[in-house]
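Working notes, beginning with the structure itself.
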Amino acid sequence: MFEFKKTSHLQKRRIVFRIWVAGIFALLCFGGLLGRLWFLQVDRYEGLAARANQNRIAVVPIPPRRGEIVDRRGVVLARNYRDYTLDVVPAHVADMKKMLDELGQLVYISPLDRRRFKQRMGQTGRYAHVLLRNNLNDTEAAWFSAHAYEFPGVSLRARWVREYPQGASAAHVLGFVGRISESDLAKLDDEGRAGNYRGTDVIGKKGIEKTWEDALHGHTGLEEVEVTAGGRPVRVLRRVDPVPGSNLVLSLDIGLQKEAEKLFEGKRGALVAIDPKTGDVLAFVSSPSFDPNLFIDGIDVENWRRLNDSPDHPLVDRALYGTYPIGSTYKPFVALAALELGKRSATQIIPDPGYFEFAGQKYRNAAGAVFGPTDMHRALVVSSDTYFFSLGPVIGVDALHDFTKQFGFGQLTGIDLDGERRGVLPSTEWKRHAFKKPSQQHWFTGESVSVAVGQGYNAFTILQLAQATSVLANNGVYMKPHLVSLVENPQTGKSTPIVTKPSYTIPLKPENLKVVKDALVDVIRYGTARRAFIGAKYQAAGKTGTAQLYSLKGAKYHAGSVNERLRDHALFMAYAPAEDPRIAVALIVENGGWGASVAAPIARQVFDYWLSPDRHENENYVTVPASLKDDLPHAPSGAAGASSEESPDAVVPPEDRPDEDEGPADSALPDMRHGPDAPLTLTDSRDARRR
């Protein structure tokens, strides 16, 4: 009995002890929970609340509407339209082939769409949005929306799409947009601009689209959207509207541009037309051209091969990138240099027996012409090579370099296009750096003979020749050439002009200018270009040129016996009306032959179009705010002027070939130093065939 009571007492104590232990343990656990609750709800409230909001709020970027581009009369050159696309995030699709097959029963997906989609997947990450199909119509978009839940990882998106309604016209000016590549993203990251491109698919790749990318793109907006745990949107909490890109008004006249392009049909070459008083580029032709619409969503392999493998190189901007010997079109600047430097007077007579002999070497006139006693005026009118051969050693290459540099030869003009080439304006210093062997670094006086007639080492762009012609027509006033005249703010409507004052003025003596200009007028009246301008209702001034591509070494030139791509280039530079220039033109027809018979007639038709009395006067000028009209520069009658704040050596954006995601690398682009296909042998014994 006693033992039983003792055992019962012990068990009771054990039970009480266990209850106390369990109670203390429960209190400790509960205390821990309370402590954790305090920690989460009080101490960490702000940080965790922000994270919770982030988990339930999706930030959706809203890409801006890209600015439009119009010509000087308001004709649309680049615009946007709304488009529906199907995008795929590969990481969210379990079976890609099955998904494509099932989706293809709902929305048409062509074999080309599939090939492009697979190509794009290989170029982007698994979690990136990859374009599958674009240009869905309203019916297709509505049909997919109703079945979107069946296709996880596939989304319908509305976007702005670039379009170039003029097709191939002015393609080298406008350039094109293309998909943002990895290299583009890396560059944007380096510049701290990647955030502004979230949600944006394309970026400017060439031309105005690239040079003015910052203005055209605008600023990305955003929406903060509350979403469920499954990612379905519930409501929009906050919205920041995107800022559309600025609209650009070009100085280009698309009517003149198309007229000039029509004149180059079937030809390779380039033409640049400039308003001397303002620097407005009125026409900018590179022939042949291409359709920029092909590049918007990435060019397909077939079209890329057609363009890239063409022997005519339509992707190369000949006016900006190609460098050529310019032949006799250089002579007016050489004559002006001789007058300004006091090396020869305009009335000094030089015998022209049909050749110029120097150091035992004969340099002959084109076609063996003999002009007899010749002064400067007559030498320009008839294009006497002998007269200008003799000027080369007299002026000297360095003095000629320093003088013609002021007109823009061998310099970057600073035009608002990417990929401009400097070319070659030879000098003794240039030759020391251009050649590695010491024996080749010395400048021989005989080399100045060829340089004085626009041959030899001379290699200039057609843009440089047009700009030099414009500066000459404007009495030495250098207006920076530009394609964008006005930048229009789409929100305020305010327009900002780009170039409003001269860069600088070359101090030229009026009497020397008159000698050269009078001779250029007589080139049109009685000289080498007279036939091209018969019956013109205005007086033009200009100079023909023919540039040979290889040394004849004493042999006679017969175009019919020479490969077509080795024939002479035909050139022409001119401005009109001579008394009050409104347009200056320079052009080249590659392998065209004589400048007088091939190039000058093209300039005549360009002048006829632009100076036609049937055209309304206001069509020739960009509309600028009234407050700025009085500030636009005019060519002075004299030559005096102040030095400039701007230099023709202004830096322009670097060359940028099409990216790899648009097709194969453009390794076949030619060295355009003297045209796409023309080899050049430099020798002092060449016959000078350049009138």
Side-chain angles (χ1 to χ4, degrees), residues 61-71 74-87 112-113 116 120 129-137 157-181 184-185 188 193 196-221 242-250 252 254 257 284 289-300 303-304 307 314-315 317 416-418 483-484 487-488 490 653 656-659 661-663:
I62 308 174
R65 187 173 187 268
R66 194 172 181 84
E68 294 192 344
I69 304 175
V70 300
D71 83 335
V75 178
V76 177
L77 306 179
R79 63 189 178 195
N80 311 286
Y81 66 90
R82 294 294 275 178
D83 177 33
Y84 291 109
T85 67
L86 286 178
D87 290 353
L112 178 59
D113 290 330
R116 286 186 172 181
R120 291 164 185 155
H129 287 262
V130 182
L131 177 65
L132 172 60
R133 161 79 196 280
N134 60 1
N135 293 323
L136 274 73
N137 57 40
R157 190 159 60 100
R159 63 168 183 166
W160 288 109
V161 179
R162 203 61 159 171
E163 181 186 32
Y164 303 99
Q166 307 300 328
S169 187
H172 290 95
V173 172
L174 297 172
F176 51 84
V177 297
R179 295 194 316 276
I180 298 178
S181 64
D184 292 326
L185 286 175
L188 291 172
R193 298 190 294 142
N196 194 35
Y197 280 80
R198 300 199 183 282
T200 301
D201 297 323
V202 298
I203 193 171
K205 295 285 188 178
K206 284 289 184 182
I208 293 294
E209 293 279 21
K210 180 181 179 182
T211 311
W212 289 86
E213 171 63 27
D214 287 348
L216 288 166
H217 178 259
H219 296 279
T220 300
V243 178
S246 298
N247 298 320
L248 303 182
V249 180
L250 302 191
L252 209 70
I254 196 62
Q257 177 79 15
F284 195 94
S289 187
F290 64 94
D291 186 354
N293 292 294
L294 295 172
F295 290 87
I296 293 172
D297 278 320
I299 188 168
D300 59 272
N303 279 311
W304 173 257
L307 293 173
L315 294 176
D317 188 342
D416 42 354
L417 286 177
D418 67 298
L483 283 154
V484 175
V487 178
E488 179 188 78
D656 180 28
R657 293 182 179 180
D659 294 306
D661 59 349
E662 290 165 359

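It should be emphasised that the depicted structure is a prediction, and the values quoted were computed from it without experimental measurement. Side-chain atoms are counted along with the backbone in the values below, which use heavy atoms only and exclude waters and symmetry mates.
- Here the side chains of V484 and L250 are in contact, with some heavy-atom distance below 4.5 Å.
- Here the side chains of N134 and R159 are in contact, with some heavy-atom distance below 4.5 Å.
- Taking CD1 from I180 and CG from L188, the interatomic distance works out to 6.5 Å, rounded to the nearest 0.5 Å.
- Between V75 and Q166, some side-chain heavy-atom pair lies under the 4.5 Å cut-off.
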Report the C-alpha distance between R66 and T200 in whole Å, list the side-chain angles of each, state the deciding distance to 0.1 Å, and finish with yes or no for side chain to side chain contact (heavy atoms under 4.5 Å, CB included).
-> CA-CA 10 Å; R66 194 172 181 84; T200 301; over 6 Å; no
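- In this structure, V177 and Y164 have side chains that are in contact, with non-hydrogen atoms separated by less than 4.5 Å.
- Between P314 and S289, the closest heavy-atom pair is CB-O, 3.4 Å.
- The distance from the CG atom of N135 to the CG atom of L86 is 11.5 Å, given to the nearest 0.5 Å.
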Does the pair V202 and F295 meet the rule for a side chain to side chain contact (heavy atoms under 4.5 Å, CB included), with working shown?
-> CA-CA 10 Å; V202 298; F295 290 87; over 6 Å; no
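- Of all heavy-atom pairs spanning P244 and P490, the tightest one is O-CG, 3.7 Å.
- Remark: the backbone N or O of I203 is not paired with any side-chain donor or acceptor of E209 at under 3.5 angstrom.
- Formation of a donor-acceptor pair under 3.5 Å by the T220 side chain with backbone atoms of P61 is not found in this model.
- Between R193 atom CZ and E213 atom CD the span is 7.0 Å, to the nearest 0.5 Å.
- By the salt bridge (charged side-chain N to carboxylate O under 4.0 Å, His left out) test, D113 pairs with no residue at all, sequence neighbours left out.
- E488 meets the side chain to side chain donor-acceptor pair (under 3.5 Å) test with N247; sequence neighbours excluded.
- The minimum heavy-atom distance linking A170 with L252 is given by the pair CB-CD2, 3.8 Å.
- Looking at L77 and V173, their side chains never come closer than 4.5 Å, going by heavy atoms from C-beta outward.
- Counting non-hydrogen atoms of other residues, nucleotides and ligands closer than 6.0 Å to CZ of R198 gives a total of 12 or fewer.
- In plain terms, the two heavy atoms of D317 and L417 that are nearest each other are OD2-CD1, 4.5 Å.
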Chi angles and distances behind the side chain to side chain contact (heavy atoms under 4.5 Å, CB included) call for W212, I69 = CA-CA 11 Å; W212 289 86; I69 304 175; over 6 Å; no
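- Side chain of N196 to backbone of G218: a donor-acceptor contact under 3.5 angstrom is found.
- Using cut-offs of 30° and 60° on the angle between ring planes, the pair F176 and F290 is perpendicular.
- The line from CZ of R65 to NE2 of H217 is 14.0 Å long, rounded to the nearest 0.5 Å.
- A salt bridge is absent between R179 and D201: the closest approach of a Lys/Arg side-chain nitrogen to an acidic carboxylate oxygen does not fall below 4.0 angstrom.
- Proximity of T85 to R133: side-chain heavy atoms (C-beta onward) are nowhere separated by under 4.5 Å.
- How far CG of D214 is from NE2 of H219: 8.5 Å, rounded to the nearest 0.5 Å.
- Here the shortest heavy-atom pairing between I208 and L216 reads O-CD1, 3.9 Å.
- Side-chain N or O atoms of D83 include none that pairs as donor or acceptor with a backbone N or O of V161 at under 3.5 Å.
- The OG1 atom of T211 lies 6.5 Å from the CG atom of D416; values are rounded to the nearest 0.5 Å.
- Side-chain atoms of W160 and R82, non-hydrogen and from C-beta on, do get closer than 4.5 Å to each other.
- Looking only at side-chain heavy atoms (C-beta outward), V243 and P64 stay at 4.5 Å or farther from each other.
- A donor-acceptor pair under 3.5 Å is formed between the side chain of D418 and the backbone N or O of G207.
- Smallest separation of non-hydrogen atoms from P292 and G167: CD-O, 3.2 Å.
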